[in-house]
Amino acid sequence: MDETAARHREAEHGEAEHGAAAQREWMLAEEGAPIALMATIWADTAGLHDSLTDTEDLTAFCDAVTIEREGTTAGEADLELARQLRDALRRLAAQVTADDRQQARSATADVETAVHDVNNVLANLPAPRLALAGGKLRQSSTSGASSIAAGLAHIAEDAIGLLTGPDADKLRACHAPGCVLYFVKTHPRREWCSVTCGNRVRAARHYEKVRSAR
């Protein structure tokens, strides 16, 4: 294969990988970034799963929740921060919802640590500054954090509204068998995080009804 053909194959491979990343589905992504971040810990019949295991995962997640990466990709420090925020939010969600699901227990052990960790992420929010340029005043912002760390700080800010605002009493733990997710009860009749969990509950109830009738 000549050099031109090799470059062409590499370009096609890169485009295929980009397309695969763009098509990746995330649990509860439509529920908003704080819920979607918490849902990167999820479970199925095979057990518990973590969708944020490396920097490529985090870069793809940022694109899914429209964090402005400004052309950068996630680094190891960003990944550590994202996982710290995710685990903290799951611990705080458990506090708000009185969640006692053992399988859903957060890696963050206590509420005090979770509050500290959220505030640690919030420190990456760009601070507003007043600047003078060309004789005109303008607003600017300064932050030593990466664009991804700043995006995670905005998720933390949104999470504060979710956990303490008027919708806090709508936050729910999904108690379908084996589920470890949280969701916002957007409709009075909504009881599960997804249609899949609702179907699982109905199937379990039907099985129990049939078994009891024997």
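Count residues from 1 along the sequence.
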*Asks:* Please check: side-chain N/O of Arg69 versus main-chain N/O of Thr66, any donor-acceptor pairing under 3.5 Å?
*Replies:*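 The answer is no, because no donor-acceptor pair under 3.5 Å joins these two groups.
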
*Asks:* Quick one: are Thr72 and Ser146 in side-chain contact, heavy atoms under 4.5 Å?
*Replies:*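 Contact flag for Thr72/Ser146 side chains = no.
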
*Asks:* Just grab all the salt bridge (charged side-chain N to carboxylate O under 4.0 Å, His left out) pairs involving residues 155-168, residues at least two apart or on different chains.
*Replies:*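 As it turns out, the salt bridge (charged side-chain N to carboxylate O under 4.0 Å, His left out) pairs with a partner in residues 155-168, which skip direct neighbours, are Asp167-Lys170.
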
*Asks:* Between Ala74 and Leu58, which heavy-atom pair has the shortest distance, and what is it?
*Replies:*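 Heavy atoms of Ala74 and Leu58 come nearest at CB-CD2, 3.7 Å.
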
*Asks:* Side chains of Leu162 and Val96, heavy atoms from C-beta outward: is any pair under 4.5 Å?
*Replies:*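 When only atoms from C-beta onward are counted, Val96 and Leu162 do not touch, as no gap falls below 4.5 Å.
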
*Asks:* Search all heavy atoms of Val118 against all heavy atoms of Ala88 and return the closest pair with its distance.
*Replies:*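 Closest approach of Val118 to Ala88: CG2-CB, 3.9 Å.
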
*Asks:* Determine the minimum heavy-atom distance between Lys185 and Arg189, stating which atoms define it.
*Replies:*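 Closest pair (atom of Lys185, atom of Arg189, distance): CE-N, 4.5 Å.
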
*Asks:* What pairs of residues pass the salt bridge (charged side-chain N to carboxylate O under 4.0 Å, His left out) test when at least one of them lies in residues 31-48, not counting sequence neighbours?
*Replies:*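 For residues 31-48: Glu31-Arg190.
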
*Asks:* Who passes salt bridge (charged side-chain N to carboxylate O under 4.0 Å, His left out) against Asp99, sequence neighbours left out?
*Replies:*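 Here the qualifying residues are Arg101.
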
*Asks:* Just verifying a value: how many Å separate Ile148 CD1 and Thr73 OG1, rounded to the nearest 0.5 Å?
*Replies:*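 So the gap between those two atoms works out to 6.5 Å.
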
*Asks:* Got a sec, which residues hit side-chain contact (heavy atoms from CB on, under 4.5 Å) with Ala93, two or more places apart in sequence or on another chain?
*Replies:*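 In terms of side-chain contact (heavy atoms from CB on, under 4.5 Å), with neighbours along the sequence ignored, Ala93 is linked to Met38, Leu171, Tyr182.
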
*Asks:* Check whether any side-chain heavy atom of Val180 sits under 4.5 Å from a side-chain heavy atom of Ile41, and report yes or no.
*Replies:*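 Side-chain contact under 4.5 Å: yes.
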
*Asks:* Suppose clustering is done on Ile, Leu, Val, Met, Phe, Trp and Tyr with side-chain heavy atoms closer than 4.5 Å. Which residues sit in the same group as Leu132?
*Replies:*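 In the cluster with Leu132 are Leu130, Leu137.
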
*Asks:* Under the side chain to side chain donor-acceptor pair (under 3.5 Å) test, which residues partner Thr196, sequence neighbours left out?
*Replies:*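 Testing Thr196 for side chain to side chain donor-acceptor pair (under 3.5 Å), a comparison that skips the adjacent residues, returns none.
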
*Asks:* Of all the heavy-atom pairs spanning Ser147 and Ile67, show the shortest one and how long it is.
*Replies:*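 Taking Ser147 first and Ile67 second, the nearest heavy atoms are O-CG2, 4.3 Å.
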
*Asks:* To the nearest 0.5 angstrom, please state how far the OG1 atom of Thr108 sits from the CG atom of Leu92.
*Replies:*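 Atom-to-atom, Thr108:OG1 and Leu92:CG are 8.0 Å apart.
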
*Asks:* Check salt bridge (charged side-chain N to carboxylate O under 4.0 Å, His left out) between Glu80 and all other residues, then give those that pass, not counting sequence neighbours.
*Replies:*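 Applying salt bridge (charged side-chain N to carboxylate O under 4.0 Å, His left out) to Glu80 gives none.
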
*Asks:* Please, which pairs that meet salt bridge (charged side-chain N to carboxylate O under 4.0 Å, His left out) have at least one residue in residues 109-125, sequence neighbours excluded?
*Replies:*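 As it turns out, there is no salt bridge (charged side-chain N to carboxylate O under 4.0 Å, His left out) pair with a partner in residues 109-125 once direct neighbours are skipped.
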
*Asks:* For Leu81 and Ala149, which heavy atoms make the closest approach, and how far apart are they?
*Replies:*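 Shortest heavy-atom contact: CD2-CB, 3.8 Å.
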
*Asks:* Once rounded to the nearest 0.5 Å, what's the spacing between atom CG of Leu79 and atom OG1 of Thr53?
*Replies:*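 Rounded to the nearest 0.5 Å, the CG-OG1 separation comes out at 8.0 Å.
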
*Asks:* Do side-chain atoms of Asp78 reach the backbone of Gly75 as a donor and acceptor pair under 3.5 angstrom?
*Replies:*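 Checked: pair present.
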
*Asks:* State yes or no: do Ile155 and Phe183 share one hydrophobic cluster built from I, L, V, M, F, W and Y residues joined by side-chain heavy-atom distances below 4.5 Å, directly or via other members?
*Replies:*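 No, no single cluster joins them.
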
*Asks:* For residues 84-94, which residue pairs pass the salt bridge (charged side-chain N to carboxylate O under 4.0 Å, His left out) check, not counting sequence neighbours?
*Replies:*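 Qualifying pairs, neighbours excluded: Asp50-Arg86.
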
*Asks:* Do side-chain atoms of Thr40 reach the backbone of Ser51 as a donor and acceptor pair under 3.5 angstrom?
*Replies:*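 No, Thr40 side chain to Ser51 backbone: no donor-acceptor pair under 3.5 Å.
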
*Asks:* So, taking the atom named CD in Glu191 and the one named NE2 in His175, what distance separates them when rounded to the nearest 0.5 Å?
*Replies:*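 Glu191 CD to His175 NE2: 10.0 Å, rounded to 0.5 Å.
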
*Asks:* Just to verify, what does Phe61 make a ring-ring contact (aromatic ring centres under 6.0 Å, His included) with, not counting sequence neighbours?
*Replies:*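 Only Trp26 meet the ring-ring contact (aromatic ring centres under 6.0 Å, His included) criterion with Phe61.
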
*Asks:* Working to the nearest 0.5 angstrom, can you tell me the gap between Cys179 SG and Leu181 CG?
*Replies:*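 Going from the SG atom of Cys179 to the CG atom of Leu181 covers 4.0 Å.
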
*Asks:* Does the pair Arg83 and Asp57 meet the rule for a salt bridge (charged side-chain N to carboxylate O under 4.0 Å, His left out), with working shown?
*Replies:* CA-CA 11 Å; Arg83 290 168 62 90; Asp57 288 340; over 6 Å; no

*Asks:* Determine which pairs satisfy ring-ring contact (aromatic ring centres under 6.0 Å, His included) with at least one residue from residues 110-133, sequence neighbours left out, and list them in order.
*Replies:*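 For residues 110-133: none.
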
*Asks:* How close do Ala43 and Gln103 get, heavy atom to heavy atom, and via which atoms?
*Replies:*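 It is CB-NE2, 3.8 Å.
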
*Asks:* What pairs with His49 under ring-ring contact (aromatic ring centres under 6.0 Å, His included), at least two apart in sequence or on another chain?
*Replies:*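 For His49 the ring-ring contact (aromatic ring centres under 6.0 Å, His included) partners, ignoring immediate neighbours, are Trp42.
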
*Asks:* Return the CG to CD distance between Leu89 and Gln84, rounded to the nearest 0.5 Å.
*Replies:*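 The CD atom of Gln84 is 10.5 Å from CG of Leu89, to the nearest 0.5 Å.
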
